[in-house]
Amino acid sequence: MALMFSLAILAYSAWLIYGAASSYDEGKAESLYNLALGVMGVLLAVSSLTTMRRRIQAVRAQSIRTLTVELCEKCGFKSVREFKVGDYVHKRLGPCRQCNGDLLIDMIYSEPLRREGF
Amino acid sequence: MATFLFLFNSWASDSSMGTLISTLMYLSFILFILFGQKIQLWTMLWNMSGALKKLEFMSSEAKALTVKTLKEIGRSKEDLTPRLNVLLEHFLISPVDMDPAGIVWKFDHLLDVRDSKFKDDVRMLAPEADEVQINNLENLVEGALALNTIYRVVRHFYLLGRKTQSFYLILQLQMILPLVMQEAEALVGATKAFALGQPIGDGIGPLVASKLMRNSEKRKVEKDIVVSEVELEGRRVLALKAEGPGGNVGKPGDAIRQLIEERNGQISMVLMIDAAVKFEGEKTGDISEGIGAAIGGVGTERFKIEEEVSKFKIPLHALIVKESIQEAIMPMRKEIAEAADRVISRIKTIIKERTREADTVIVAGIGNTIGIGQ
Ligand SMILES: [Zn+2]
C-alpha cells in the first residue's frame, strides 16, 4: 500500500519534471516552480522507499537458522546439518559412519539466513 | 505528512489560489508556535502506542510458545494458562539494604527459594518432563516473565503519560524506548532458544569448560555444578561448569569455595571465563583479559568468590568473550562458538606464564549451559 503510494508520487514527480523541461522552451514562469516540486517529490519518494527497504532488511536479518556440527574424534569426519530438538554440544551420537570411532556433536551455532538480494 | 503537503502544493499551484495558500501557511505557522509541544506530544504518544502494540504481541507470542512447549513436553491435559499467568507476574522483593551487613546471605537464600519455587511450579505444569527439560522450561518461563514485565512497565508509563499529558514523563519513556525494544526482541529470540534447548551466547563459558573436560571423568559438586580434573600444560586444571544440557547457571561461587576448601587453599590461580557486554563497534567473539570475578547476576556469587580467594590470597584472573546484550541471550552465533578454541589457547598461555608445573588451577566456565553437555 505504502509502496504503491510512494511509487505513484515518484511517477507524478517525474512527469512534473518532464513537463517543466518541455515547457521551459516556451518561457513559462510556472515551469521553474514545477521543476522544484518535481525534485522535491522525487526526494520524498526515494527517502520513503529507502526507509521501507531498511525496515524489510532489519526483519530479514532477524531470521536465523541453527546448525549442528557432528564430528568423529578418531577420523575427523565432519558433517553439518540443521539443529534438531534434543541436540546438545558433546552429545554422543553412537558409532561413526566411516570408522568405528565415537561420533559426537562438536558445535551448535546459529547464523543469519542467506540473503537473496532485494 | 510532508508528502501530503507536497501533493496539496502541487494541486494548488495549478489553480490560481496563491492568497489562500499563503493564508494557510501563516495559519499553520501560528498553530505550530502555539501548540507545537502538544503536537509533538501526540506524535510521541502515537509512536509509543505502536511500540506498545508490538510489545503486547511479543509478550503474548512468548506466552503462547510457553504454553505450547509445556503441553508438548509435559503432556498435561488441563488448561495451563491461569496457572502460567500467576507465574508470569511473579516478583522478588530484594532484602532491605539500610544495614547492608550480611545482605548477601539473605539475598542468596531468597534466590534459592525463588529457584526451587519456580522449578516446583514448572514441574506441576509439566508433570512428565525430565530434569533437563524442567530446566529448559524454567528458563522459558523466565523469558516470558521478563517480556511480560517489560510490557507491563511500558504500558504503565504510556498510560500515565497519556493521562497526565506530561511532556517530560512521555519524553523519558521515548528516550529509552529503542533500548527497551532491542531488549524485548532479544528476549523473543531467547524464548525460542529455550523452547528448543539451543545454546545461547551466554553459554561460551560452559562451552569452553566442556571442551576442556570432554574426555575425562566428572563429578558433581555444590548446586548443579560439575567438576573435572584434567591436565593442561603440565598443570592440574579443575574445570567446572553448570550441569548441562538443561538451561542452568548453577552456583559457581559455592563450587569454587568447596574446591578451595577441599585443598586447604592450595590453588595457584582461579581463572574465570565468561561472556561480557561489548561496546558498540567492537567485534563479537573478541577476547579480553583482566583481573577479578567475571560473573553476572545480583552479585552473591561474585561476593563468595572474592571472599574465598582473598582469604587464601589466590590470584583471580578473568577471560571474557565480547558480545552484545542481545547476542548473549539469543542462539549462539558462529563467531562466539568459534571463539572457544581461541579461549582455550589463551588459558594455556596464562597458566604457563603465571603458574609452575604441577600447580593446581581452577578454570570456571560461567554462564547458562543450555544446549551444552559436558
Ligand atoms: Zn570416524
Side-chain angles (χ1 to χ4, degrees), chain A residues 2 5-6 8-10 12-13 15-17 19-20 29-49 58-59 61-69 71 73 80 82-93 102 104-112, chain B residues 1-14 16 69 72-73 132-133 136 185-186 188-189 192-193 195-201 203-204 206-207 209-211 213-215 241 244-247 285 326-327 330-341 369-374:
Chain A
F5 188 66
S6 300
I9 293 281
L10 195 64
Y12 180 59
S13 308
W15 179 72
L16 271 182
I17 293 176
E30 223 178 78
S31 64
L32 202 67
Y33 189 52
N34 276 351
L35 183 70
L37 273 175
V39 169
M40 222 166 80
V42 168
L43 288 179
L44 278 170
V46 166
S47 91
S48 77
L49 280 175
V59 169
Q62 274 170 12
S63 52
I64 51 172
R65 61 169 179 175
T66 305
L67 299 172
T68 298
V69 181
L71 176 81
E73 284 187 304
V80 182
E82 287 273 328
F83 173 88
K84 281 199 307 251
V85 175
D87 282 358
Y88 60 85
V89 176
H90 295 163
K91 181 185 188 179
R92 310 246 160 214
L93 298 170
D102 255 349
L104 54 78
I105 294 178
D106 184 49
M107 260 212 282
I108 296 173
Y109 60 81
S110 68
E111 59 180 21
Chain B
M1 179 74 186
T3 323
F4 277 112
L5 269 177
F6 161 76
L7 266 187
F8 177 74
N9 260 354
S10 66
W11 165 74
S13 74
D14 290 345
S16 53
T69 317
E72 265 174 21
I73 293 176
V132 169
Q133 287 167 332
N136 289 354
E185 268 154 27
V188 171
K192 283 177 193 154
L196 298 174
Q198 287 172 354
I200 56 172
I204 183 68
L207 181 62
S210 164
K211 277 183 182 254
M213 59 171 77
R214 179 135 106 193
N215 289 318
K241 69 183 274 295
Q326 287 81 38
E327 284 162 349
M330 303 260 279
M332 187 186 278
R333 284 180 50 184
K334 197 176 183 186
E335 296 90 322
I336 301 172
E338 281 171 348
D341 287 327
T369 187
I370 186 162
I372 300 168
Q374 43 265 331

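In what follows, chains carry the letters A, B, and so on, assigned in the order in which the sequence lines appear, proteins first and then strands, with residues in each chain numbered from 1.
With sequence neighbours excluded, the residues that form a side chain to side chain donor-acceptor pair (under 3.5 Å) with A:D87 are A:T68, A:R81. Partners of B:I73 under the side chain to side chain contact (heavy atoms under 4.5 Å, CB included) rule, at least two apart in sequence or in another chain, are B:T69, B:A129, B:Q133, B:L137.
Residues A:Y109 and B:A337 come closest through the heavy atom pair CB-CB, 4.1 Å.
For the atom pair B:I370 CD1 and A:I108 CD1, the distance stands at 10.5 Å (nearest 0.5 Å). The structure places NZ of B:K192 at 10.5 Å from OG1 of A:T66, a figure rounded to the nearest 0.5 Å. In this structure, the separation between CZ on B:R333 and OG on A:S110 is 7.5 Å, given to the nearest 0.5 Å. The line from CD of B:Q198 to CG of A:L67 is 10.0 Å long, rounded to the nearest 0.5 Å. The CG atom of B:L207 lies 6.5 Å from the NE2 atom of A:H90; values are rounded to the nearest 0.5 Å.
Residue contact with chain B, scored on non-hydrogen atoms closer than 4.5 Å, is absent for A:I105.
Within the 4.5 Å cutoff, no side-chain heavy atoms of B:R214 are placed close to those of A:V89.
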